[in-house]
Number of protein chains: 2
Amino acid sequence: MSDARDTREHILNASFMLFLQKNFKEVTMKEIVERTGLSKGAFYHYFSSKEQVFEEVMDHFFAAGIKQNFESYSFETLKEFYQDYIKDAIAKMRSFKNLRTDNNEETFSTNHYFLIFDAMKMLPSYKKKLLDNNQEELKYWKKIVHIAKKSGEIKTTMTDEQIAKLFIYSGDGLGMQLIMSDPSAQKMEKFKSELQSIWDGLYNALKG
Amino acid sequence: MSDARDTREHILNASFMLFLQKNFKEVTMKEIVERTGLSKGAFYHYFSSKEQVFEEVMDHFFAAGIKQNFESYSFETLKEFYQDYIKDAIAKMRSFKNLRTDNNEETFSTNHYFLIFDAMKMLPSYKKKLLDNNQEELKYWKKIVHIAKKSGEIKTTMTDEQIAKLFIYSGDGLGMQLIMSDPSAQKMEKFKSELQSIWDGLYNALKG
DNA sequence: CAAATAAAACCGACCATTCGGTATGTTTAT
DNA sequence: ATAAACATACCGAATGGTCGGTTTTATTTG
């Protein structure tokens, strides 16, 4: 059942759960080892350091939970685009909820912004990844806004960049506020409906 | 020149600078002591623990750098309101730039979101303060939006709450993105001009 | 097939270092 | 002389990491 590959993944998952709750310094080797149910020897058989497991955890988190595949979104209309965006964001969030393989249902408060900031400070390559992703996101938003303007879907005095940034920043800001306030119960649902409401409102204002 | 009160303040300032750069766990007593130029004995003469100095630092930071006095903003027009908002935000940021009493000019990268998250996790009362402030902010934005609608300053299909949140969240999101990307050189100027641009664009769109 | 061997997986006592904090001073101002 | 202001050697606990070993699994060999 549990060969070497599984054990490695098991350690990565357990570590990820811990890093979602506390920052790098706060998570101790003792905790990681206890959480995995293994020993220090086992851990250091698979990883050379706490830093290394953190780095691998973050790489996976970026690929599965942050990096967006904008090419897969609809570029027919702005409305379709941001609907796809919301869907994708929710799907990503959901994929991590299912990661808790163990039986504990405790609603532990997570803060992935914390995690991201920590990773950016420690790992220069990670920072670059994130900034690249941000830049790409802006590019695609500007693209769909341009299309929507040309097709007549929206009529506005705002520049493409202003509109694009308004969508992006409002999404980021909402996410941060929710993480700060909500004890993560129906955080996801709330995020979805709030974002929908705000972006719909903005969209309708741009249409008129 | 340096009586007891000054020494205390000196320790608070030095600690604050450190907490702006690293989280609570990462900042060590050794660093605080070295930064102040004093000794451990001196530190513990004024403070009972690392937690205590952190708590006091955060209290001061909240009062001087976060808490907004909305009552002092103009409620004549939405435009005036958000102009006052920007002015106030910049003034708060500037007040911390001048806090570096020592001669080192090094542009160290700060991340006050990091600091805030840390404080929220450690200090329940601080979390409450922040959430209260957020709620109050929303209240005042809704108020001025309502006024602007009534006076005919803006015409839109969006609800007061949607508009208010759009302003708030876009500001938050911009702040976070800037902190992530910029090496803090002209961060302040960039924040100001970007926020001005986005909010002006949004405002003009709402004017109809 | 089973016995022998090799290799991978895993364990836990141990290590040096650093942590926040204390105890016992010495200096300095009143 | 007294007390506040500082300094420093020191403390136990916790830290990330190591190392010699045992157990388990896989491979080879008779």
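Residue numbers begin at 1 in each chain, while the letters A, B, ... track the order of the sequences. Only a predicted model underlies this, so the values are computations on that prediction, with no experimental measurement involved.
- Computed from coordinates, the A/K30 NZ to D/dT18 P distance equals 20 Å when rounded to whole Å.
- Each of A/K25 and A/H45 was matched to the nucleotide of DNA chain C holding its nearest heavy atom; the match closer to the 5' end belongs to A/H45.
- When the C1' atom of D/dG17 is taken as reference, atom CZ of A/F43 falls 10 Å away, rounded to whole Å.
- If you measure from atom CD1 of A/I11 to atom C1' of C/dC10, you get 10 Å, rounded to the nearest angstrom.
- At whole-Å resolution of the value, CD in B/E26 and P in D/dT15 are 15 Å apart.
- Distance B/F24 CZ to C/dC19 C1': 12 Å, rounded to the nearest Å.
- Counting any heavy atom pair closer than 4.0 Å across all strands shown, A/V27 reaches sugar-phosphate atoms only and no base atom.
- Side-chain contact between A/V53 and A/L12: present, with at least one pair of heavy atoms (C-beta onward) separated by less than 4.5 Å.
- One finds a side-chain N or O of A/T7 lying less than 4.0 angstrom from the OP1 or OP2 phosphate oxygen of C/dC10.
- OP1 or OP2 of C/dC10 sits under 4.0 Å from a side-chain N or O of A/Y46.
- The residues B/K143 and B/D160 are annotated as not salt-bridged, no charged nitrogen and carboxylate oxygen being separated by less than 4.0 angstrom.
- By the 6.0 Å and 45° rule, B/K121 stacks over the aromatic ring of A/F114.
- For the OP1/OP2 pair of C/dG12 and a distance below 4.0 Å, the side-chain nitrogens and oxygens of A/K40 include no atom meeting the criterion.
- Each of D/dG16, C/dC11, D/dC6 was ranked by its minimum atom distance to the side chain of A/A42; first place goes to C/dC11.
- Toward the 5' end of DNA chain C, the nearer of the two residues B/Y44 and A/G41, judged by each one's closest nucleotide, is A/G41.
- Nucleic acid contact class of B/E31 (heavy atoms, under 4.0 Å, all strands): none.
- Between B/Y73 and B/F70, the ring planes lie perpendicular to each other; the angle is over 60°, past the 30° to 60° tilted range.
- Using cut-offs of 30° and 60° on the angle between ring planes, the pair B/F16 and B/F61 is tilted.
- Among the nucleotides C/dC19, D/dG16, D/dC6, the one closest to any side-chain atom of B/S39 is D/dC6.
- Per the geometry, CD1 belonging to B/I32 stands 17 Å off C1' belonging to D/dC6, to the nearest Å.
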